[in-house]
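Let me give you the structure first, and then I'll get to my questions.
The structure displayed is predicted, hence computed values, not measured ones.
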Amino acid sequence: MAEEDEFSVPLIADLYTPPALLPIAQLKDALLYTIETYTVTIIVGETGSGKTTQIPQYLYNAGWTSNGQQIAVTQPRRIAATSVAARVAEEMQCQVGQEVGYSIRFEDVTSAKTKIKFLTDGLLLREMLVDPLLKRYSVIMVDEAHERSLSSDILLSVLKKVLKVRPDLRVVISSATLDAEKFLDFFTPDKDEVGESKPNEEYGRIVSIEGRVHPVEIQNLIEPASNYVEAAVDVVMEIHKSEAQGDILIFLTGRDEIDDAIDMIADRVAELDATKETIQLLPLYAGLPSEQQMHVFQRAAENTRKVIVSTNIAEASVTIDGIVYVIDCGYVKLRAYDPVVGIERLNVVPVSKASATQRAGRAGRTRPGKCFRLYPEGAFDTLEDATFPEIQRSNLAPVILQLMNLGIQNIIRFDYLSNPPSQFVIRAFDLLASLGAVDTYGRLTKPLGTRMAELPLEPMLAKALLNAPTFNCLSELLTIAAMTTLQGTAFISHDGNTKAADKKKRTFAVTEGDHITLYNVYEAFVRNKLQAQWCHDNLLNFKSMTKAHSVRKQLKHYLERFGVTEHPLHASDVLKAGGLELSERVRRCLTTGFFAQAARMKPDGSFQTVNGKTTLWAHPSSVFFHRKADWVIYHEILETRGKIYIRDLTTIDMDWLTEYASDYYKTKKK
DNA sequence: GAGCACTGC
């Protein structure tokens, strides 16, 4: 499925199939005919079919860009957009940025010559704010639509609307077998909208392209594993003892399980005969610093079998060649949103059939492989066909803002691929109304609501940032907003030494809390000239800090466009701000966005929500994990293993809650 | 008291 979206490693000649030999080449004419004749074409392309790289070239050669329009190909991930653009540019013998280019946040590598443009689906949605009918494109290909990400679902919905006005536009959707029909049904216009000349079956077609992968033999356990980590370790040792050479990829659900499995395998390996083939153990998860992630791509030493123990990141985002054996625990950790309490949870749930199939396929990229599923064969049939769409598991406030800003009036009756539960929509509207982004008629407010929608930030943070000039702390809020988007990745620990990292972190910590601590970290980074070495010495993630720098710059541009700029503090401003200290102004400003996420510390160090119903805990990364506090607001709340953690905390006065959100707290008391 | 599945603008 995601054969092209891998880390940008150099192409290895013997893994590269010349385009003319790909199965898709035989279908070229049929494909072009279908796309020309039908408005929507669903491509069911297996792994290795070459759909992503070849179809845009076919369309280009067939003249779909000769009238000055472009072909857009959307990807769910940045890495995919850049690496596929590089591959296609190479095949077309041009430089990336010429006929073939890509566009992702912070990086637009396109030019006036660009005809084929790869971009993230989220960015294409943003483009629609400027070009609502996407007139610059003749064809839009939405790749990996079966993953059902929030932005690709939304994109497909708005494309359906665009097609009603632009019958000349062609939409190509790449999907897995199981939901091809669903996509086609979705795009087929309702009966009353279709004229005599265009019966439903004339609107779209499904085209299947076989892949070019090796067979993977599936083996199941007879009984369900009582402990799948232990079962996985047993299977690794069994493979190592009795199967031929080849690397092993294990799918587990999280970091703790990965660490446990690695310890257990290491113990078992120590008992082995040292003269025989040995095992190299490699963890893989998103939170791992990227240098360590890169180890999984390195060839193992002589007589060494690589065993990669991974989260779901290896299912589609990271592709590793040379895997011959896959061990699939059958579970995945997924986010679920609880609209009643307003918190997100991370739950371990059974994978879908599509996921299980994709995981197994990871064993057949280089040669025939084997997949060991740690559950009985019959259990497969009980799995869901596809992973629950993200839109049914998420806080919808950002989505709703975005849809409204695209001119969608009726959010409840909007044509979703899968309807989000109405509870989710109601909760999101409540929040947006309390922030002043929508009025009592459910319309986006101007300019506040539209500006919040345009900023690439969550609504609460966007609101606080837009309020910053009032508190004369725009520069500070820009930094804080940029740093909180890093989601805790600023601090790293070399070789798992979290003690040292915590100690370093304390040198930046302040009693006001995490936001101002993060501000101090960024300020120090800038004072030290954005140096990698300085980050390394202070146990900071250089890549993350550089990202914060880009985000800050981008946010600043947005605010300048809105006519909101930083200005020095004049005497009159000081008076307007009540002559308050900077840190208090920052904390008050944050409260104007995050008032709905307030809590009070109890003597035992835990926190309680305003309504007293829920117990929360400071995340261990917070300065309040060790320190005392009274009232705080927090940026993020997440339940994991039955305990609710809050992250990025800042102290406030209780009075500020009613000062800045009197309506919100009045209605809550009722 | 002890942690974060995965993306993206």
query = Honestly, is A:Arg255 close enough over A:Tyr285, meaning NZ or CZ under 6.0 Å from the six-membered ring centre and within 45° of the axis?
reply =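 No, cation not above the ring by the 6.0 Å, 45° rule.
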ask   = Distance check: side-chain N/O of A:Thr311 vs OP1/OP2 of B:dC6, anything under 4.0 Å?
value =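 A:Thr311 to B:dC6 OP1/OP2: side-chain N or O found under 4.0 Å.
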ask   = Taking only side-chain nitrogens and oxygens of A:Arg641, does any of them come within less than 4.0 Å of OP1 or OP2 of B:dG3?
value =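 It does, given that an N or O in the side chain of A:Arg641 lies less than 4.0 Å from OP1 or OP2 of B:dG3.
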request  = For A:Arg105 and for A:Ser621, locate the closest nucleotide of DNA chain B by heavy-atom distance; then report the residue assigned to the nucleotide nearer the 5' terminus.
outcome  =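 The residue whose closest nucleotide sits nearer the 5' end is A:Ser621.
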task = Apply side chain to side chain donor-acceptor pair (under 3.5 Å) to A:Thr484 and list each qualifying residue two or more places apart in sequence or on a separate chain.
result =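 Residues passing side chain to side chain donor-acceptor pair (under 3.5 Å) with A:Thr484: none at all.
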task = Select base, sugar-phosphate, or nothing to describe what A:Gly488 touches, counting heavy atoms under 4.0 Å on all strands.
result =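 It contacts base atoms.
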ask   = Base, sugar-phosphate, or nothing for A:Leu123, non-hydrogen atoms under 4.0 angstrom?
value =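 Counting heavy atoms under 4.0 Å across all strands, the contact made by A:Leu123 is with sugar-phosphate only.
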inquiry  = By the 4.0 Å heavy-atom rule, please label A:Ser149 as base, sugar-phosphate, or nothing.
reply    =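 Contact class for A:Ser149: none.
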key: side chain to side chain donor-acceptor pair (under 3.5 Å) involving A:His626 - partner list, sequence neighbours excluded   =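 Side chain to side chain donor-acceptor pair (under 3.5 Å) list for A:His626, sorted by chain: empty.
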Phosphate OP1/OP2 of B:dC6: any A:Arg393 side-chain N/O under 4.0 Å =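 No, outside the criterion.
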query = Taking the six-membered ring for Trp, are A:Tyr558 and A:Phe562 parallel (under 30°), tilted (30 to 60°) or perpendicular (over 60°)?
reply =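 Tilted.
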inquiry  = Taking any heavy-atom pair under 4.0 Å as a contact, classify A:Thr489: base, sugar-phosphate, or nothing.
reply    =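 No contact.
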task = Describe the nucleic acid contact of A:Gln554 in one word from base, sugar-phosphate, nothing, applying a heavy-atom distance below 4.0 Å.
result =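 Nothing, no heavy atom under 4.0 Å.
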task = Report yes if a side-chain nitrogen or oxygen of A:Ser151 is closer than 4.0 Å to either non-bridging phosphate oxygen (OP1 or OP2) of B:dT7; otherwise report no.
result =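 Checking B:dT7 against A:Ser151, no side-chain N or O comes under 4.0 Å of OP1 or OP2.
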